[in-house]
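Structure first, then comments.
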Amino acid sequence: MTLRRIAKRLLVNGEEHEVSFLPHRTLLEVLREDMALTGTKHGCELGECGTCTVLLDGEPVLSCLVLARECEGREIETVEGLAGASGPHPLQHRFAELNAAQCGYCTPGMLMTAMSVLRKTPAPDRETLRRELAGNLCRCTGYLKIYEAIEMAAEDLQDG
Amino acid sequence: MMRLPTFAYNAPADAAEITRILHEEGPAAQVVAGGTDLFPNMKRRQVEPETVVSLYRATALRGIEWDTDGSLRIGPTETLRALERDARLKEDFPALHAAIVSISTPLLRSTGTLGGNLCLDTRCQYLNQNYEWRRAINHCLKCTGDTCWTAPGGTKCWAVNSSDSVPVMIAMGAKLVLQSTEGEREVDAEDFYDIEDGRDWLKKRPDELLTGIRIPKQNGSRSTYMKLRRRDAFDFPVLGVAATLETDGDVITEAKIVLNSVGPAPVRCTEAEQSLIGKKLTDEAIEEAKDLSRKGAKPLDNTDYLPNYRKKMVPVFVKRALLSLR
Amino acid sequence: MGDYRIIGRKQTKVDGLAKSLGATKYADDLFLPRMLHVKLLRADVAHARVVSIDVSAAAAMPGVHATLVGSELPEKFGILPVSQDEHTLCPDTVRFVGDPVAAVAAVDEDTAFEAIQAIRVEYEPLPAVFDPAVAMRNDVPALHDYGDDGNVHKRVSMEFGDVDGALAGADLVLDDTVFFQGNTHLAMEQHATLANPEPDGRLTVWSSTQTPHYLHKAMSKVLGLKPARIRIIACPNGGGFGGKSDPFNHELAVAALALKTGRPCKICLTREEVFYCHRGRHPVLMNSRMGLNKDGSITGLHFQSLLDGGAYGSYGVASTYYTGALQTVTYRVPVYRFDGVRTFTNKPPCGPKRGHGTVQPRFALEIQMDKAAHALGLDPAAFRLANLQPPDSVTANWLKIRTMGLRKCTEKVIEASGWNDRYGKLPRGHGLGLACSSYITGAGLPIYWNRMPHSGVQLKLDRGGGVTAFCGATDIGQGSDTVLAACVAEILGIELLDVHVCVSDTTLTPVDLGSYSSRVTLMMGNAAIQAAERARDLLADAAAEKLEVPKGRLVFADNTVLDSEDPERSMSFQQAIVFAEAKFGTIGTVGSYTPPKTPGRYRGAGVGPTPTYSYSACVVELHADEDTGRVDVDRIWIAHDIGQAINHYLAIGQVEGGVYMGLGEALMEEMAYRPRRAGVHKIPSMLEYKSPTTMEMPPVETFLIEDPDPEGPFGAKEAGQGPLLPVMPAVANAVFDALGVRVDQCPITPELIVQAMENPDKRSGPKSYPDLRIEKPVRVKTAEEGGDGYEVDQVRKKKQLARERRTDEQKTTQ
């Protein structure tokens with residue numbers, strides 16, 4: 001069956017892109033395959049692991065379960081957009097430093113969830129992190145260095 | 001990568017247009033709100049709708065509204081995440097709040113909706129598998145096969161109602177508003193799920209759209225929700241217990257105990273409820289209600305945990321639910 | 001501890017930022033122009049003869065470029081030379097639901113999915129077997145035409161000293177039957193492979209593999225291409241844990257389709273397919289009989305294991321030996337006997353998962369140690385400490401122990417957890433549990449017999465001051481790239497980021513056998529040190545001449561080469577390279593590593609030896625609900641004898657990660673099947689295969705015990721696998737402390753706890769043990785008995801025997 005691609009304007013990491021993609025594609029597929037933004041990973045494509053997490057209008061969502069066509073006019077943030085002109089985001093520095101990214105495969109999703117937490121809660125306690133990160137599975141770290149990295153990044157951000 | 005099959009797509013802005021499409025397309029159309037239930041099922045080819053009708057532009061279906069009498073109206077496409085953050089909902093309807101925050105993960109709740117959870121497709125370990133997997137068991141009664149592998153001798157489907165919010169809605173006496181081209185009707189949550197077959201788990205016609213959820217003010221009652229599952233995130237309930245008690249002084253005037261996820265439909269523990277009326281919530285009263293609660297649950301081997309363990313946990317959880325209401 | 005500038009310090013790992021920026025390219029992140037997408041059609045029956053395969057409808061579909069069936073690639077492969085039992089696609093027999101029979105390459109994955117559904121396969125069903133005890137019977141049709149008999153893939157038995165005598169003479173004999181259920185790696189990254197046919201007929205393959213070298217060999221064999229024409233590049237693995245250390249069907253199928261179509265071909269498995277690839281923890285039914293004297297000493301041990309291997313060999317022969325190898329390296333066991341059987345069953349093949357083969361027996365042994373302490377009225381910690389195997393010793397089964405930090409590990413967790421004041425004294429429902437363990441730092445022998453090094457490192461020194469380190473090792477998240485850079489940088493006195501690592505590319509890098517058996521840090525590290533020392537030597541020659549300083553006085557530090565007696569006389573590291581290059585020509589050095597010889601000479605002595613053993617001790621505190629059986633772990637203390645941490649954060653990460661994975665195995669992870677429904681995997685999804693979330697993970701207090709081992713690079717031992725081992729038995733022992741019940745089975749589920757509470761003997765777990773039909777063990781005298789490491793009763797000359805033993809064993813060793 002030949003399907004016609006649809007063209008949409010997607011606002012990704014603050015930049016608007018005119019992207020054409022097949023109409024039944026998810027945001028995950030379009031980011032990775034139509035926009036070459038392979039920083040966003042995938043582990044099940046069924047909403048059961050959290051690996052593909054991106055921010056949609058600031059909320060962390062499972063990009064494998066969101067239709068790309070429904071993202072027009074919304075703000076999409078991926079791991080590629082975390083670093084700014086001044087370099088990597090403190091979260092990225094701390095994840096690297098503390099070995100919170102071991103194999104690194106859950107890391108982009110974990111970072112996006114962490115980013116949303118820090119925006120709402122600049123100094124999250126451990127229990128908040130536990131609850132908010134409950135949807136991001138990691139098989140390498142046991143989550144402990146991830147908590148520490150986020151806590152240290154939170155301090156970095158508060159120290160300016 | 002698991003990918004969606006192809007489908008025609010519609011996203012009307014108003015409910016009338018949606019119901020018109022549903023009326024025209026019949027069962028070939030599927031409504032999607034958050035997509036957290038339908039899309040995985042589609043990727044596994046459990047359902048392959050010709051048309052997907054998306055509610056994401058129908059803003060009128062969102063919202064939380066408090067009536068002056070303290071009752072609550074929730075738009076079905078309100079996200080679980082938004083409801084979980086509603087302070088008054090947490091204060092006034094703690095059992096509903098507990099049920100909502102227990103659903104899957106924060107990520108899923110960001111897009112998942114209350115309406116979606118109320119209409120959640122029934123689940124089964126013989127069903128929620130990839131197409132290739134289901135072919136190896138020659139498919140099942142709910143999806144193109146002719147045998148329910150959970151209970152191969154029977155004629156019905158034993159897929160499990162795995163919603164956290166459903167038993168709470170029943171216990172709270174919530175009403176659901178359904179709209180179609182023929183107009184609007186309101187049903188008691190309890191009646192809405194009164195179908196003992198996992199293939200056909202809602203008393204809703206394919207052309208009907210859930211447009212509203214109404215929860216009456218809980219007059220001095222206390223309510224609770226408890227959930228059995230392996231992990232405290234991701235996992236669906238394999239036993240959910242919702243309980244509400246209304247009291248006059250210390251004396252129980254009304255009681256509702258609703259079990260879910262131990263069969264295709266939620267179960268009211270009517271005998272246990274009756275045993276509590278007119279009594280104080282003493283240890284003896286709880287023990288009696290607990291023993292009477294065993295009857296309706298029919299857990300089978302199609303979810304996590306062994307069925308006999310889940311059966312054993314019914315009275316344990318009922319007792320704990322009642323103790324928490326003291 | 002040495003005074004190092006890089007080793008053991010808190011250095012950011014070299015690939016850390018790339019990973020947290022999302023810049024690291026995993027195999028599925030690679031896209032090539034004109035790339036086709038591959039899908040495999042997998043068997044939907046448990047065991048059957050393939051009568052016919054009709055791919056015509058699939059081949060005719062628009063967008064389909066090629067199909068592939070098993071008869072096109074008749075050559076078999078497998079990780080072990082003794083178990084070459086897999087085909088790329090099954091030509092004549094399928095052996096489990098998920099066994100691949102055909103493949104399609106199409107323009108996109110959607111088309112490939114539709115196309116494989118259009119392939120018609122006619123099967124003639126064969127009887128299937130799912131239970132290893134049944135598989136052992138001779139009346140069950142065999143899955144394979146090789147193995148020890150029928151469906152017994154491997155049957156081993158060896159006795160070191162008179163075990164029957166030791167048990168007969170003991171004051172007390174414990175007899176425990178314990179079951180450890182299978183589980184899988186569940187790396188977050190699904191296996192992916194991209195193959196590109198080069199214009200000149202060569203082939204390049206990128207894959208998520210832990211063992212590019214072995215994939216290189218398998219691919220050459222199956223495709224009939226010279227190894228020189230194949231280039232394997234192992235991408236950074238999105239988690240491995242042993243699950244990507246076999247050559248896999250999909251890797252070969254994609255390569256074959258790339259050659260067939262002349263276009264790049266890629267596959268990324270679905271999560272369900274990853275469950276079919278499996279190669280995870282074997283389900284093992286164990287029986288352990290331990291003799292004890294009233295004074296608390298162990299008189300002897302007889303251990304039996306029955307492994308459910310699944311449908312193929314994989315690493316299974318090694319796994320079987322491993323279930324019997326390391327019982328002797330923690331506690332002194334004067335005489336020891338081990339019997340093991342691995343069977344074929346119609347399920348996905350089991351293989352190596354973190355702790356390979358030693359995890360299951362460790363669970364059984366540590367529960368038995370706990371029971372023994374209680375039976376003797378001793379404190380479980382004191383009982384263990386009184387029985388430790390001494391350092392610099394040889395065990396009953398001829399394993400050489402070098403440094404042995406288990407005493408320090410145990411004392412550390414005892415102290416930190418407040419064990420002496422709290423064990424046995426917590427309120428009902430709350431408990432503490434202790435367990436100890438050990439693991440190899442790299443297998444002593446290679447998988448296929450050869451006399452070559454296990455790891456090689458090449459250095460190229462750039463006149464700009466940079467150093468490139470080439471090595472075949474693969475970073476699977478454990479941090480081997482950083483270890484490589486750290487070893488080189490420490491020796492040359494430069495910074496971590498001055499070392500470019502170029503790894504896991506069979507065309508560019510010297511062989512490292514792979515990221516398995518906790519071998520990389522020790523073996524690659526030693527090779528890297530040797531290469532770096534040789535480079536330093538060249539630079540020192542040139543610098544000494546230029547600075548007019550005796551070579552022996554030169555120090556390499558802070559990017560400088562200087563005279564230790566007159567630091568003013570110095571030059572930059574870069575200048576030293578320039579002078580050296582002028583003096584010697586292009587500067588490149590090599591280093592290699594081969595493990596030391598092992599004292600064991602008997603048939604079976606190949607599995608278990610290692611340059612040195614790591615040790616761990618763990619205390620778990622938990623509370624358990626006696627009505628629901630739910631267990632919540634409150635806190636874990638773990639101490640790990642690592643010799644010397646190469647990088648503090650990497651070491652801690654490995655320990656915490658091991659604890660996490662162990663906790664999942666202890667409480668919830670389980671490979672379950674439905675024998676009555678064709679043996680389908682019951683729960684092949686991230687949702688139903690339960691991996692602990694943040695909500696299940698308790699705080700962990702980690703102690704690194706650093707006592708450098710002479711065999712390790714800078715004294716380092718492994719940390720990647722050992723710390724997982726004590727967690728499961730520590731949980732079981734803590735459940736006993738909390739509720740007084742014994743769960744002799746893993747995972748320790750709520751169902752089993754409730755069952756144990758109800759059972760009159762307050763125990764749940766397996767009740768009987770089958771006869772393994774052992775005829776005669778290999779008998780070896782222990783060193784104490786005056787043995788020489790060879791089998792007794794030898795007719796043939798020992799030298800000849802040793803030669804045969806080597807060829808056989810080293811083929812089968814991990």
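Lettering follows sequence order; numbering is per chain, from 1.
A donor-acceptor pair is defined here as one N or O able to donate and one able to accept, closer than 3.5 Å; such a pair exists between the side chain of Gln210(C) and the backbone of Gly243(C). Arg5(A) contributes a side-chain N or O that, together with a main-chain N or O of Ser20(A), makes up a donor-acceptor pair within less than 3.5 Å. Looking only at distances, a side-chain donor or acceptor of Lys244(C) sits under 3.5 Å from a matching main-chain atom of Gly239(C).
Contacts between Ile652(C) and chain A at a heavy-atom distance below 4.5 Å involve the side chain alone, from C-beta outward. Lys25(C) touches chain A through its side chain: at least one heavy atom from C-beta onward sits under 4.5 Å away, while N, CA, C and O do not. Looking at Arg131(A), the atoms closer than 4.5 Å to chain C (heavy atoms on both sides) sit in the backbone and in the side chain alike. For Leu98(A), the parts sitting under 4.5 Å from any heavy atom of chain C are the backbone and the side chain alike. Only the backbone of Ile476(C) comes within contact range of chain A, with at least one heavy atom under 4.5 Å from a heavy atom of that chain. Thr51(A) touches chain C through its side chain: at least one heavy atom from C-beta onward sits under 4.5 Å away, while N, CA, C and O do not. For Gln654(C), the parts lying under 4.5 angstrom from a heavy atom of chain A are both the backbone and the side chain. Only the side chain of Lys41(A) comes within contact range of chain C, judged by heavy atoms closer than 4.5 Å.
The residue among Ala101(A), Cys106(A), Gly43(A) with the most heavy atom pairs within less than 4.5 Å of chain C is Gly43(A). If you tally non-hydrogen atom pairs under 4.5 Å between each of Pro88(A), Gly135(A), Ala36(A), Ala100(A) and chain C, the highest count goes to Pro88(A). Contact count versus chain C (heavy atoms, under 4.5 Å) is highest, among Arg139(A), Gln102(A), Glu48(A), for Arg139(A). Chosen from Glu272(C), His185(C), Gln11(C), Lys10(C), the residue pairing most often with chain A at heavy-atom distances under 4.5 Å is His185(C). In terms of non-hydrogen atom pairs under 4.5 Å with chain A, the most contact-rich of Gln478(C), Met686(C), Met661(C), Arg271(C) is Met686(C).
Of the charged side-chain nitrogens involved, none lies within less than 4.0 Å of a carboxylate oxygen, so that Lys266(C) and Glu33(A) do not count as a salt-bridged pair. Electrostatic pairing of Arg119(A) and Glu59(A) does not count as a salt bridge here, judged by no charged N lying under 4.0 Å from a carboxylate O. Looking at Arg25(A) and Asp34(A), no side-chain N of the basic residue comes within less than 4.0 Å of a carboxylate O on the acidic one, giving no salt bridge. With respect to the salt-bridge test (charged N to carboxylate O, under 4.0 angstrom), the residues Lys690(C) and Glu688(C) qualify.
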